[in-house]
Novice: 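Handing you this structure, nothing more for now.
Owing to the predicted nature of the structure, the values given are computational and were not obtained by experimental measurement.
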Amino acid sequence: MSSELPPESPEPRDTSPDAPAETSAPEETVVEPRRKRGRGKKVLKATGLTLALPGAAVIAGGGYVGFKALTSSPDNSPEHEASKDEYLDALAGTTSSGEAPNVLLVYYDDLGYEDLGFMGDTPIKTPNLDALAEDGAVLTNYHSPSAVCTPSRAAMLTGRLAPRAGVPEVLFPSSGAMNLMNLTADAHGLTQAEITIPDVLQASGYDTGMIGKWHIGDTEGSKPNDFGFDSFLGSLYSNDMAPFSIYQDEEVLLETVDQTELDAFYTDAAVDFVAEAAESDDPFFLYFAHNFPHEPLFAAEENEGRSDAGLYGDVVEGLDDGIGRIVDELESTGQLDNTIIVVTSDNGPWFQGDAGDHRGRKGMVYEGGQLVPFIVHWPDGVEGGQTIDTMTMGTDLMPTLLDWIDIPLPTDRAIDGSSMAPLIAGESDEVSEFYYYYAGSELMAVSDGRYKYHARTPYLYTLSGDVFTIGAHVKGPWLFDLEADPSESYDILDSNPEIGERLAAELERKNAEMEENLRGWVS
């Protein structure tokens with residue numbers, strides 16, 4: 001049955017003789033159609049405006065990105081390049097006595113806090129790293145300087161917080177479309193004004209080499225050979241970025257890379273470097289910055305299925321084999337006792353890996369994003385068998401190494417780290433009064449080693465099986481007692497307001513300091 005109403009019937013016509021003659025009614029002004037046309041015009045205008053707004057936004061956004069792409073430039077500081085040169089020139093001959101220790105700095109990519117045997121109960125077997133830990137010092141409360149790759153590496157190599165070093169964001173290849181994100185955010189590689197560990201050691205007489213992942217710049221003046229490395233063999237980026245090529249100094253050595261063979265390739269190069277160093281009268285610094293176990297994962301064919309922790313475990317056990325080969329070469333050439341070996345990670349684990357009993361993972365300023373394994377092994381200088389629970393951070397590494405080698409720090413800039421040498425020697429129970437957790441250029445949290453204050457934290461509520469989050473909420477401030485609650489599960493701000501106020505005041509003080517002098521130039 002039709003739901004339409006039937007048409008109305010016309011009124012009956014009076015046809016009697018007395019009926020008045022029918023006259024034509026004056027033509028009515030048609031109003032309704034005009035109203036409809038008016039509404040139609042409004043609808044069209046509104047529709048056009050609605051459609052035009054995104055287009056205008058796209059055009060405006062594209063214009064902004066284009067403008068930034070043309071005008072964005074690194075924060076160079078020629079006067080501090082000059083003072084850097086003066087500082088480095090003054091170091092010439094510092095290590096000419098022949099007693100300076102070698103340095104092997106092993107920096108894994110996305111290795112989790114409890115992925116190694118000496119750090120906890122793990123199905124991954126790492127006997128070679130466990131042996132270094134047993135004969136060295138293990139720092140159980142060591143934090144990477146950032147929860148992501150680029151700023152972590154920049155801060156560790158300079159001893160300065162990533163915003164100080166001018167590299168607070170993850171960098172993408174300058175040849176790719178993702179670089180527009182970097183340009184829009186004014187994110188660039190390390191500049192020549194910064195002083196790195198290899199800069200200092202090269203100037204003081206070390207033979208310096210790097211093997212592995214750089215990831216703090218791919219443009220002129222921001223590559224490994226521009227920062228004190230006599231030789232570089234490795235990649236400029238993470239193994240999930242394109243182009244992923246292997247460089248020999250400034251030239252592409254391998255345009256395409258079979259990553260199942262990458263671990264053996266790097267390890268062979270490191271063993272060769274150590275062997276050649278034994279023939280030199282100069283000490284060496286080798287930065288062994290492996291691309292693994294960053295996703296995607298690749299294991300050599302002979303390592304597939306060897307671990308009880310799947311492919312991730314296969315990769316890590318292969319890395320342990322590599323360390324065993326390098327240590328064997330150090331020992332066979334008589335260099336092991338006077339070589340400082342440091343093993344750590346650039347941040348917490350990503351998709352796979354064990355962050356231990358800690359909240360968060362890579363990319364998060366929770367402990368799981370920055371608490372990482374740390375060993376220092378140096379028979380001639382560090383007492384073995386130590387486990388140290390004091391809080392430390394990657395910005396402390398440069399001051400520590402220079403302290404051990406007896407090289408003064410530069411004085412024309414703020415160095416955010418402090419030497420861990422007194423702590424490891426048992427002469428102090430603290431390294432720094434406060435530690436700072438940055439996400440990009442924003443200071444998210446501050447800790448005094450026991451208590452950690454989060455000013456604000458985005459919280460995403462997700463459901464398994466759903467691609468998108470249900471909602472994003474900003475929570476905080478929060479206060480956690482890391483000693484009693486290492487998983488940052490229980491906010492105690494209400495019951496400890498004075499501690500929260502003290503850490504909040506420090507966070508505000510640090511923000512004011514950075515706002516006044518972001519790069520920390522002293523002179």
Novice: Does Thr196 reach the main-chain N or O of Asp199 with its side chain, forming a donor-acceptor pair under 3.5 Å?
Specialist: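 It does hold such a pair.
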Novice: If I compare all heavy atoms of Ile375 with all of Leu129, which pair ends up nearest, and what's the gap?
Specialist: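 So the minimum-distance heavy-atom pair works out to CD1-O, 3.7 Å.
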Novice: Can Tyr366 and His358 be said to form a ring-ring contact (aromatic ring centres under 6.0 Å, His included), step by step?
Specialist: CA-CA 8 Å; Tyr366 296 117; His358 305 104; over 10 Å; no
Novice: Side chains of Asp263 and His290: do they bring a donor and an acceptor to under 3.5 Å?
Specialist: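 Judged by distance alone, the side chains do pair up.
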Novice: Just jot down the salt bridge (Lys or Arg N to Asp or Glu O under 4.0 Å) partners of Glu317, sequence neighbours excluded, or say none.
Specialist: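 Counting only residues at least two positions away or on another chain, Glu317 forms a salt bridge (Lys or Arg N to Asp or Glu O under 4.0 Å) with Arg306.
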Novice: Between CD of Gln370 and OH of Tyr437, what distance do you get to the nearest 0.5 Å?
Specialist: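 Reported value, rounded in 0.5 Å steps: 6.5 Å.
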Novice: Just do the side-chain hydrogen bond (donor to acceptor under 3.5 Å, both in side chains) check on Asn182 and Glu169 with the steps written out, would you?
Specialist: CA-CA 8 Å; Asn182 289 145; Glu169 308 288 347; over 6 Å; no
Novice: Enumerate the salt bridge (charged side-chain N to carboxylate O under 4.0 Å, His left out) contacts for residues 441-450, please, sequence neighbours excluded, ordered by first and then second residue.
Specialist: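 For residues 441-450, and leaving out neighbouring residues, the salt bridge (charged side-chain N to carboxylate O under 4.0 Å, His left out) pairs sorted by first residue read Glu442-Arg456, Asp448-Arg502, Arg450-Asp481.
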Novice: Would a distance-only check, ignoring hydrogens and angles, find a side-chain to backbone donor-acceptor pair under 3.5 Å from Asp249 to Phe232?
Specialist: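 Answer holds: yes.
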Novice: Distance from Thr126 atom OG1 to Leu319 atom CG, nearest 0.5 Å?
Specialist: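 So the gap between those two atoms works out to 10.5 Å.
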Novice: Are Glu506 and Tyr436 close enough that a side-chain donor and a side-chain acceptor fall under 3.5 Å?
Specialist: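 Present: a donor and an acceptor within the cut-off.
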Novice: Examine distances only and state if a side-chain atom of Thr158 and a backbone atom of Arg160 form a donor-acceptor pair shorter than 3.5 Å.
Specialist: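 Such a contact is found between Thr158 side chain and Arg160 backbone.
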Novice: Should Phe292 and His294 be marked as a ring-ring contact (aromatic ring centres under 6.0 Å, His included) after you check the CA-CA gap, both sets of side-chain angles, and the distance that decides it?
Specialist: CA-CA 5 Å; Phe292 293 169; His294 191 290; 9.3 Å; no
Novice: Determine whether Asn102 and Pro283 make a side-chain contact, defined as any pair of heavy atoms from C-beta on separated by less than 4.5 Å.
Specialist: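 Yes, their side chains come closer than 4.5 Å.
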Novice: Mind running salt bridge (Lys or Arg N to Asp or Glu O under 4.0 Å) on Asp308 and Lys125 for me, showing each step along the way?
Specialist: CA-CA 9 Å; Asp308 293 333; Lys125 297 178 177 61; 3.8 Å; yes
Novice: Give the minimum heavy-atom separation between Pro198 and Leu157, together with the two atoms involved.
Specialist: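 What the structure gives for the nearest pair is CD-CD2, 4.2 Å.
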Novice: Taking the side chain from Glu295 and the backbone from Trp350, do they hold a donor-acceptor pair closer than 3.5 Å?
Specialist: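 Not confirmed, Glu295 side chain does not pair with Trp350 backbone.
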Novice: How long is the straight-line distance from CG of Asn347 back to OG of Ser146, given to the nearest 0.5 Å?
Specialist: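 Output value for this atom pair is 7.0 Å.
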Novice: Looking at CG of Asn496 and OH of Tyr451, how far apart are the two atoms once the value is rounded to the nearest 0.5 Å?
Specialist: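 One gets 5.5 Å once the value is rounded to the nearest 0.5 Å.
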Novice: State whether a side-chain donor-acceptor pair under 3.5 Å links Asn239 with Gln259.
Specialist: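 There is such a pair (donor and acceptor under 3.5 Å, judged by atom type) between the side chains of Asn239 and Gln259.
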Novice: In chain order, what residues pass the salt bridge (Lys or Arg N to Asp or Glu O under 4.0 Å) check against Asp416, with sequence neighbours excluded?
Specialist: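 Asp416 satisfies salt bridge (Lys or Arg N to Asp or Glu O under 4.0 Å) with Arg164, Lys510 once adjacent residues are dropped.
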Novice: Hey, is the main chain of Glu430 close enough, under 3.5 Å, to the side chain of Ser428 for a donor-acceptor pair?
Specialist: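 Yes, because the side chain of Ser428 sits within donor-acceptor range (under 3.5 Å) of the backbone of Glu430.
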Novice: Enter the distance from Ile216:CD1 to Leu190:CG here, rounded to the nearest 0.5 Å.
Specialist: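 Spacing of CD1 (Ile216) from CG (Leu190) equals 5.0 Å.
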Novice: Should we count CD of Glu513 as having more than 12 external heavy atoms under 6.0 Å?
Specialist: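 More than 12 heavy atoms, drawn from other residues, nucleotides or ligands, come within 6.0 Å of this atom.
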Novice: Would you call Glu194 and Arg519 a salt bridge, taking side-chain N to carboxylate O under 4.0 Å as the test?
Specialist: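 A salt bridge is present here (some side-chain N lies under 4.0 Å from a carboxylate O).
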Novice: With Tyr490, which residues qualify under side chain to side chain contact (heavy atoms under 4.5 Å, CB included), at least two apart?
Specialist: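 Per chain and number, Tyr490 pairs via side chain to side chain contact (heavy atoms under 4.5 Å, CB included) with Asp485.
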Novice: Examine distances only and state if a side-chain atom of Asp429 and a backbone atom of Leu423 form a donor-acceptor pair shorter than 3.5 Å.
Specialist: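 Flag not set: sc Asp429 to bb Leu423 has no pair under 3.5 Å.
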Novice: Output yes when Glu81 and Lys84 qualify as a salt bridge under the 4.0 Å nitrogen-oxygen rule, no when they do not.
Specialist: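 Salt bridge: no.
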Novice: Whether the side chain of Asn517 engages the backbone of Met514 through a donor-acceptor N/O pair (distance < 3.5 Å, no angle test) should be reported.
Specialist: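 Checked: no pair found.
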Novice: For residues Asp403 and Pro422, determine if any side-chain heavy atom of one lies less than 4.5 Å from a side-chain heavy atom of the other.
Specialist: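 Asp403 vs Pro422: side chains touch.
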Novice: Angle between ring planes, Trp521 versus His80, binned at 30° and 60°: parallel, tilted or perpendicular?
Specialist: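 It falls in the parallel class, under 30°.
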Novice: Under the rule for ring-ring contact (aromatic ring centres under 6.0 Å, His included), what residues qualify as partners of Tyr435, not counting sequence neighbours?
Specialist: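 If we apply the ring-ring contact (aromatic ring centres under 6.0 Å, His included) test to Tyr435, skipping adjacent residues, there are no hits.
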Novice: Go through the steps for Asp268 and Arg325 under the test salt bridge (Lys or Arg N to Asp or Glu O under 4.0 Å), then give the verdict.
Specialist: CA-CA 9 Å; Asp268 288 345; Arg325 289 184 55 204; 2.9 Å; yes
Novice: Would you say the side-chain atoms of Tyr266 and Asn291 include a donor-acceptor pair closer than 3.5 Å?
Specialist: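 Judged by distance alone, the side chains do pair up.
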Novice: With side chains defined as the heavy atoms from C-beta onward, is the minimum distance between Val372 and Tyr142 less than 4.5 Å?
Specialist: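 Yes, at least one pair of side-chain atoms sits under 4.5 Å.
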Novice: Are the side chains of Asp121 and Glu114 in contact, using a 4.5 Å heavy-atom criterion?
Specialist: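 A side-chain contact is absent here, since even the closest heavy-atom pair is not under 4.5 Å.
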Novice: Any donor and acceptor pair, going by atom type alone, linking the side chain of Ser204 with main-chain N or O of Thr95 inside 3.5 Å?
Specialist: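 No, the answer is negative, given that no donor and acceptor are paired below the 3.5 Å cut-off.
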Novice: Can you tell me if Thr208 uses its side chain to pair, donor with acceptor, with the backbone of Gly228 under 3.5 Å?
Specialist: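 Answer holds: yes.
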Novice: Assess whether side-chain contact (heavy atoms from CB on, under 4.5 Å) is satisfied between Phe374 and Thr140, documenting all intermediate values.
Specialist: CA-CA 7 Å; Phe374 185 95; Thr140 62; over 6 Å; no
Novice: Could you name each residue pair satisfying salt bridge (charged side-chain N to carboxylate O under 4.0 Å, His left out) that touches residues 337-357, not counting sequence neighbours?
Specialist: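 Counting only pairs at least two positions apart or across chains, the salt bridge (charged side-chain N to carboxylate O under 4.0 Å, His left out) contacts touching residues 337-357 are Arg153-Asp346.
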Novice: Below 4.5 Å, heavy atoms only, C-beta onward: do Leu116 and Thr122 meet side chain to side chain?
Specialist: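 Not touching, per the 4.5 Å side-chain cut-off.
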Novice: Of all the heavy-atom pairs spanning Ala355 and Gly360, show the shortest one and how long it is.
Specialist: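 It is CB-O, 3.9 Å.
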Novice: Run the ring-ring contact (aromatic ring centres under 6.0 Å, His included) check on Phe288 and Tyr107 step by step: do they pass?
Specialist: CA-CA 6 Å; Phe288 189 64; Tyr107 213 59; over 10 Å; no
Novice: Under the side-chain hydrogen bond (donor to acceptor under 3.5 Å, both in side chains) criterion, do Asp226 and Gln192 qualify, and how do the steps go?
Specialist: CA-CA 8 Å; Asp226 300 317; Gln192 279 298 299; 5.0 Å; no
Novice: When you check the gap from the basic side-chain N to the acidic O, do Lys452 and Glu488 get nearer than 4.0 Å?
Specialist: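 Here Lys452 pairs with Glu488 in a salt bridge, since their nearest N and O are under 4.0 Å apart.
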Novice: Going by heavy atoms in the side chains, are Val106 and Leu104 under 4.5 Å from each other?
Specialist: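 In contact.
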Novice: Evaluate the side-chain proximity of Ser235 to Tyr247: yes if any heavy-atom separation is below 4.5 Å, no if none is.
Specialist: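 Side chain of Tyr247 against side chain of Ser235, heavy atoms only: no contact under 4.5 Å found.
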Novice: Flag the pair Trp404 / Val103 as yes when at least one side-chain heavy-atom distance between them is below 4.5 Å, and no otherwise.
Specialist: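 SC-SC contact between Trp404 and Val103 ruled out.
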Novice: Under 3.5 Å, is there a donor-acceptor pair between the Asp314 and Asn303 side chains?
Specialist: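 Absent: no donor and acceptor within the cut-off.
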Novice: Just by distance, with hydrogens left out, do Ser144 and Ser152 show a side-chain donor and acceptor under 3.5 Å apart?
Specialist: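 Not at all, the side chains of Ser144 and Ser152 share no donor-acceptor pair under 3.5 Å.
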Novice: Hey, what do you get for CD1 (Ile340) to CH2 (Trp378), rounding to the nearest 0.5 Å?
Specialist: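 Going from the CD1 atom of Ile340 to the CH2 atom of Trp378 covers 4.5 Å.
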